[in-house]
A.B. asks: 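Below is a structure I'd like to ask you about.
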Amino acid sequence: GMSDRQDVPQGTLALMVLRTLSVLGPLHGYGICGRIEEISGNRLTLNYGTLYPMLRKLEVEGAIRGEWRTTENNQRAKYYALTAAGRKELARATSEWHRTADLVGAFLAIRAETP
């Protein structure tokens, strides 16, 4: 139920944003929010107040580029797209996560020695 939903774990939001834009192409902030919740199977709760500072940070760092456009229902919204630098950062963060997962996996796999 709703109580099973969790906040986005620290340090994963940037990766989720970059990966979402990498696969789905340019999206506006609320679109990114919705897609992240959807991709998580609605296990994550993400509000725009949490996402917005991350979008600003990624834009300042040059990983994404924002451009104002008109949405389907005639609203002005900033659409974010991955840049070449963002693609590089995504590749770096992805391999780091795989390394971390392998490392943690080794500890989750240990069994007590049987005499």
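Bear in mind the structure is a predicted one, so any value in this text is a computation, not a measurement.
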A.B. asks: Sort and list the pairs that fulfil ring pair (Phe, Tyr, Trp, His ring centres under 6.0 Å) and have at least one residue in residues 59-112, not counting sequence neighbours.
C.D. replies: H28-Y79

A.B. asks: Is it the case that the side chain of T83 and the backbone of A63 share a donor-acceptor pair, with hydrogens and angles ignored and the cut-off at 3.5 Å?
C.D. replies: yes

A.B. asks: Just how far is it from atom CG of L27 to atom OG1 of T20, taken to the nearest 0.5 Å?
C.D. replies: 7.5 Å

A.B. asks: Distance from R99 atom CZ to T94 atom OG1, nearest 0.5 Å?
C.D. replies: 11.0 Å

A.B. asks: Is the shortest heavy-atom distance from the side chain of L13 to the side chain of I36 under 4.5 Å?
C.D. replies: yes

A.B. asks: Counting only heavy atoms not in Y52 (residues, nucleotides, ligands), do more than 12 fall under 6.0 Å from its OH?
C.D. replies: no

A.B. asks: Counting only heavy atoms not in K57 (residues, nucleotides, ligands), do more than 12 fall under 6.0 Å from its NZ?
C.D. replies: no

A.B. asks: Taking all heavy atoms of M54 and all of A14, pick out the closest pair and write down the distance.
C.D. replies: SD-CB, 3.7 Å

A.B. asks: Could you tell me the separation between the CG atom of L24 and the CZ atom of R35, rounded to the nearest 0.5 Å?
C.D. replies: 4.5 Å

A.B. asks: Where do L90 and S22 come nearest, in terms of heavy atoms and distance?
C.D. replies: CD2-CB, 3.6 Å

A.B. asks: Establish whether L58 and V23 are linked, either directly or via other cluster members, by ILVMFWY side-chain heavy-atom contacts under 4.5 Å.
C.D. replies: yes

A.B. asks: Given 3.5 Å as the limit, does a donor-acceptor pair link the side chain of R5 with the main chain of L44, or not?
C.D. replies: yes

A.B. asks: Looking at CG of L51 and SG of C33, how far apart are the two atoms once the value is rounded to the nearest 0.5 Å?
C.D. replies: 4.5 Å

A.B. asks: I'd like to check L21 versus I64 (side-chain heavy atoms, cut-off strictly below 4.5 Å). Are they in contact?
C.D. replies: yes

A.B. asks: Which atom pair, heavy atoms only, marks the closest approach of E37 to L46?
C.D. replies: OE2-N, 2.9 Å

A.B. asks: Does the side chain to side chain contact (heavy atoms under 4.5 Å, CB included) test come out yes or no for T70 and R76, once each step is laid out?
C.D. replies: CA-CA 5 Å; T70 306; R76 295 283 287 158; 3.8 Å; yes

A.B. asks: So, are E67 and R65 salt-bridged, with charged N and O less than 4.0 Å apart?
C.D. replies: no

A.B. asks: Between R69 and P26, which heavy-atom pair has the shortest distance, and what is it?
C.D. replies: NH2-CB, 3.8 Å

A.B. asks: Contact between S40 and M16 at the side-chain level, heavy atoms closer than 4.5 Å - yes or no?
C.D. replies: no

A.B. asks: When rounded to the nearest 0.5 angstrom, what is the spacing between CG in L82 and NZ in K88?
C.D. replies: 13.0 Å

